[in-house]
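Report on one structure; see the data block that follows.
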2 protein chains.
Amino acid sequence: MLSRKTKYGIKALTYLARQENQAPTSIATIAESEKIPHKFLEAILLELRKNSILGSRKGKGGGYHLMQLPEKIRMSTIHRILEGPIAMLPCVSLNFYEKCDDCVDEDACSVNKLMIQVRDNTLAILENQTLKDLI
Amino acid sequence: MLSRKTKYGIKALTYLARQENQAPTSIATIAESEKIPHKFLEAILLELRKNSILGSRKGKGGGYHLMQLPEKIRMSTIHRILEGPIAMLPCVSLNFYEKCDDCVDEDACSVNKLMIQVRDNTLAILENQTLKDLI
DNA sequence: AAATACTCTACTAACCCTATAGGGTAAATC
DNA sequence: GATTTACCCTATAGGGTTAGTAGAGTATTT
């Protein structure tokens, strides 16, 4: 299941992507429009900023804005930042690989093979879809 | 991320599927071979039995056995029993549908559309793959 | 200077996951 | 029919994560 954090994050990003001008949008504006708890959204946008997805401006008229064009922002990137690995198992993850405690032979593991299939498919979708496609 | 419960469950099922005869296999045997905590495995197999995936026999020489041929057991079924919905969001689930609190218009929800794609793809794999394919 | 709005730290309640304990019950074997 | 084997069931506990809250601090614009 997708965490609320990721869900809120994607909704906030699409909100920003729908804005026509580059003017900053405040946390409060996004929170109200998308029905996201203000303080929770605050933390999410901060994390996206630290990962160079968003930029921010303080002071009056400040807020957040996208650092790239919506068509340049892949959903796989967003997923990895907010939700973590795309793979369903650590032993199947490309970016966060970890060996299983209980697995004697990974190549012979039935679960491993199945989940690699799922990962490849999900990854293909998330790499292909950009923020622009979600508008 | 896939829970250990599901992972252990699949491993146990493939172990049973690999057995040539129909003779019952005890929990202890599976637990040792697959390095699964005995008591935890007990609960998992019980759940699979309640869902008619497994049958059991008590007493000496007893144990668990598959109720259907491996090629008849779809991974989507197993996933739904042990892990729950295949969809990443309740509002995207076919079997466990639930409306989102924060969503005003589901048809206009960007996350919803994205996750429907992911679900359709994952589902296709899990419906197609059977226990026999995992051996 | 004052207002605005982002930044950071800390905290909490709730929930789920994993695992364990211990006894109860049914059935096969001797 | 006693014993053993192995399933069946309930309860519980620790740890970790998630979701959300609170409040003070800091930077910037008007």
Side-chain angles (χ1 to χ4, degrees), chain A residues 1-12 16 23-67 81-85 88-90 96 98 100-102, chain B residues 1-12 16 23-32 34-67 81-85 88-90 96 100-102:
Chain A
M1 279 284 165
L2 208 68
S3 66
R4 269 167 202 272
K5 183 177 161 189
T6 305
K7 187 183 165 197
Y8 289 160
I10 295 176
K11 288 181 94 172
L16 289 172
T25 308
S26 75
I27 295 175
T29 305
I30 303 174
E32 279 171 41
S33 300
E34 300 291 335
K35 288 201 200 173
I36 302 170
H38 184 281
K39 279 295 200 178
F40 196 11
L41 180 59
E42 219 175 88
I44 296 167
L45 297 185
L46 192 60
E47 196 165 346
L48 289 171
R49 195 195 74 95
K50 284 184 179 166
N51 283 277
S52 309
I53 304 296
L54 296 178
S56 65
R57 242 183 60 177
K58 296 187 176 182
K60 183 166 189 176
Y64 281 98
H65 61 92
L66 296 177
M67 290 289 275
I81 292 171
L82 296 177
E83 190 77 13
M88 304 274 280
L89 286 175
F96 303 82
E98 247 176 84
C100 297
D101 303 339
D102 54 306
Chain B
M1 279 284 165
L2 209 68
S3 66
R4 267 166 201 272
K5 184 178 162 190
T6 305
K7 186 184 166 197
Y8 289 159
I10 296 175
K11 288 181 94 172
L16 289 173
T25 309
S26 74
I27 295 175
T29 306
I30 304 175
E32 278 170 43
E34 300 292 335
K35 287 201 200 175
I36 302 171
H38 184 282
K39 279 294 199 178
F40 197 11
L41 181 58
E42 216 175 272
I44 296 167
L45 298 185
L46 190 59
E47 197 166 344
L48 289 170
R49 195 194 72 96
K50 284 183 179 165
N51 283 278
S52 309
I53 304 298
L54 295 179
S56 66
R57 240 184 63 177
K58 296 185 176 184
K60 182 163 189 175
Y64 282 98
H65 60 93
L66 296 176
M67 289 289 274
I81 292 171
L82 295 177
E83 189 78 13
M88 304 275 280
L89 285 174
F96 303 81
C100 297
D101 303 338
D102 55 304

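Lettering of chains follows the sequences in order, A, B, ..., and the numbering in each one begins at 1. Values below: all heavy atoms of this structure, side chains included; hydrogens, waters and symmetry mates excluded.
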Exercise for the section: Please determine if a side-chain N or O atom of A:S56 lies less than 4.0 Å away from the OP1 or OP2 oxygen of C:dT7. Expected result: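 Yes, within the criterion.
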Problem - Short side-chain N/O contact to D:dA6 OP1/OP2 from B:Y64, under 4.0 Å - result: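 False: B:Y64 side-chain N/O out of range (4.0 Å or more) of D:dA6 OP1/OP2.
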Exercise for the section: Have a look at A:I27 and say if it touches a base, only the backbone sugar-phosphate, or nothing, with a 4.0 Å heavy-atom cut-off. Expected result: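 A:I27: backbone/sugar contact only, no base atoms under 4.0 Å.
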Exercise for the section: For B:K7, report the nucleic acid contact type (base, sugar-phosphate, nothing); a contact means any heavy atom under 4.0 Å. Expected result: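 Since no nucleic acid heavy atom lies under 4.0 Å of B:K7, the category is nothing.
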Could you give the [atom1]-to-[atom2] distance, from [X] to [N], as a whole number of Å?
{"X": "B:L46", "N": "D:dA6", "atom1": "CG", "atom2": "P", "result": "17 Å"}
{"X": "A:K58", "N": "D:dT28", "atom1": "NZ", "atom2": "P", "result": "6 Å"}
{"X": "B:I44", "N": "C:dT20", "atom1": "CD1", "atom2": "C1'", "result": "14 Å"}
{"X": "A:H38", "N": "C:dT7", "atom1": "NE2", "atom2": "P", "result": "12 Å"}
{"X": "B:R4", "N": "C:dC16", "atom1": "CZ", "atom2": "P", "result": "19 Å"}
{"X": "A:M1", "N": "C:dC17", "atom1": "CE", "atom2": "C1'", "result": "16 Å"}
{"X": "A:F40", "N": "C:dC6", "atom1": "CZ", "atom2": "P", "result": "17 Å"}
{"X": "A:L54", "N": "C:dA5", "atom1": "CG", "atom2": "C1'", "result": "15 Å"}

Practice task
May I ask you to decide whether B:E42 forms a salt bridge with B:K39, counting only side-chain N to carboxylate O separations under 4.0 Å?
Solution key: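 Here B:E42 pairs with B:K39 in a salt bridge, since their nearest N and O are under 4.0 Å apart.
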Problem - Basic-acidic side-chain contact under 4.0 Å: A:K5, A:E47 - result: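 Salt bridge between A:K5 and A:E47, a charged N being under 4.0 Å from a carboxylate O: yes.
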Of the listed nucleotides ([options]), which one gets closest to any side-chain atom of [X]?
{"X": "A:K39", "options": "C:dG22, C:dT18, D:dT21", "answer": "D:dT21"}
{"X": "A:R49", "options": "C:dT7, D:dC7, C:dT18", "answer": "C:dT7"}
{"X": "A:K60", "options": "C:dC8, D:dT30, C:dT25", "answer": "D:dT30"}
{"X": "B:S26", "options": "C:dC6, D:dC7, C:dT18", "answer": "D:dC7"}

Handout entry: Residue mapping more 5' on DNA chain D - nearest nucleotide basis, A:Y8 or A:R57
Key =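 Its nearest nucleotide being more 5', the pick is A:Y8.
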Handout entry: Donor-acceptor pair present, A:K5 side chain and D:dG20 base, under 3.5 Å
Key =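 Absent.
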Practice task
Examine the base of D:dC8 for any acceptor or donor lying under 3.5 Å from a partner atom in the side chain of B:E42, and report the outcome as yes or no.
Solution key: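 Check passes, donor-acceptor contact within cut-off.
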Practice task
With rounding to the nearest 0.5 Å, note down the distance linking CD1 in B:I30 to CG in B:L16.
Solution key: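 Here the interatomic distance stands at 4.0 Å.
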Practice task
Find out whether A:S56 and A:H65 are in side-chain contact, i.e. whether some heavy atom of one side chain is under 4.5 Å from a heavy atom of the other.
Solution key: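 Result no, sub-4.5 Å side-chain heavy-atom pair not found.
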Problem - Heavy-atom side-chain proximity of B:L89 to A:K7 below 4.5 angstrom - result: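 Yes; the side chains approach each other to less than 4.5 Å.
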